[in-house]
J.: 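Dropping a structure here in structure tokens format, bear with me for questions.
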Amino acid sequence: MSKITLYGVDISPPVRACLLTLKALELPFEYKVLNLAGGENRSPEYLKLNPLGTVPVLDDKGTVIYDSHAICSYLCDKYAKTDALYPKDLVKRAGVNQRLFFDASVLYKSVWNVAIGFWRSGHTVVEKEKVDNIHDALRQTELLLEKSYIAGDTLTIADLCCAATVTSMSLVFDIDPQQYPKITAWLARLGQLPYFEKFNNVGAKQYTGLMRSKWTKVEL
Ligand SMILES: N[C@@H](CCC(=O)N[C@@H](CS)C(=O)NCC(=O)O)C(=O)O
């Protein structure tokens, strides 16, 4: 048995951030796919691992961590051969952390506002405010993309976390390359990573397709 176990589903943006980090670090792991529709994330066994009942969860030989950002930073601190993906330099790390918190509090929040209806009742109502919220988050991402990557000149876990979310944002509308040129170029750059298509884009397409089939738009 592999010593690292990740619990999740491919469609979930934060699960994909962890899959990308595991692949970037070239770590072997066991992937336990949960049936969320069947309530496996609400089973007493799973709630013992994560009382919030969310995916992803990482179990590293009995050390259990939930929240993708906490998982990705833990994996780098524990297993990375270099500090490229999560710099040890305080100032550089603060820049990466800022983007990780930006993902958790701004990007993913805007997606979650739409997706929560699906996870709770199988159906979502998409009001103008929620759409505006996603555009606001995308506009802020454009501002952060001053260089080739979201936290500077090199790839970090901030790219993997933010990109897993941004590629899931077309759950309501397609991202217009004219409106968001830096995001478009950044995603194309990340698309060159050998693991990005399989471990992110495939699941992101399933996620956006599923969500689009489950919502009703109002006042757009
Ligand atoms: N902040 C968490 C968010 C986790 C999360 O919201 N996961 C969703 C899937 S994308 C989930 O588990 N939803 C099922 C539920 O809430 O019942 C992270 O980054 O890991």
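Just so it is clear, the structure is predicted and the values come from calculations on it, not from any experiment. Note that ligands are numbered from 1 as they come in the structure, with each ligand's atoms numbered from 1 the same way.
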J.: Is the backbone N or O of K182 less than 3.5 Å from a side-chain atom of E142, with the two atoms forming a donor-acceptor pair by type?
T.: yes
J.: Which atoms from ligand 1 have a heavy atom of P56 less than 4.0 Å away?
T.: 20 (O)
J.: Taking R99 for its side chain and I150 for its backbone only, find out whether a donor-acceptor pair lies under 3.5 Å.
T.: yes
J.: Looking at side-chain heavy atoms only, is the closest gap between V96 and L85 below 4.5 Å?
T.: no
J.: Does the ring of Y86 carry R93 above it, NZ/CZ under 6.0 angstrom from centre and within 45° of its axis?
T.: yes
J.: Any nitrogen or oxygen of D67, main chain or side chain, under 3.5 Å from a nitrogen or oxygen of ligand 1?
T.: yes
J.: Polar contacts were defined as any N/O atom of the residue lying under 3.5 Å from an N/O atom of the ligand; does this apply to W112 and ligand 1?
T.: no
J.: Which heavy atom of the protein is the closest neighbour of atom 19 (O) of ligand 1, given with residue, atom name and distance?
T.: S68 OG, 2.7 Å
J.: Is there any N or O on S12 that sits under 3.5 Å from an N or O of ligand 1?
T.: no
J.: Any atoms of ligand 1 less than 4.0 Å from a non-hydrogen atom of P13? List them with their elements.
T.: 10 (S)
J.: With heavy atoms under 4.0 Å as the rule, classify the contact between N41 and ligand 1 as side chain, backbone, both or neither.
T.: side chain
J.: Just jot down the ligand 1 atoms closer than 4.0 angstrom to any heavy atom of H69, in number order.
T.: 19 (O)
J.: State plainly whether the residues E127 and K130 are in salt-bridge range, i.e. N to O under 4.0 Å.
T.: yes
J.: Does a side chain donor of either S73 or D77 reach within less than 3.5 Å of an acceptor in the other side chain?
T.: no
J.: Check the surroundings of atom NZ in K92: do more than 12 heavy atoms from other residues, nucleotides or ligands lie under 6.0 Å from it?
T.: no
J.: Heavy atom to atom 10 (S) of ligand 1, shortest distance: which of Y7, Y207, Y108 holds it?
T.: Y108
J.: Look at atom CZ of F101 and say whether more than 12 heavy atoms of other residues, nucleotides or ligands are closer to it than 6.0 Å.
T.: no
J.: Below 3.5 Å, N or O to N or O, backbone or side chain included: is there any such pair between V55 and ligand 1?
T.: yes
J.: For ligand 1, note which part of P14 has a heavy atom under 4.0 Å away: side chain, backbone, both or neither.
T.: side chain
J.: Are any of the N/O atoms in R120 less than 3.5 Å from those in ligand 1?
T.: yes
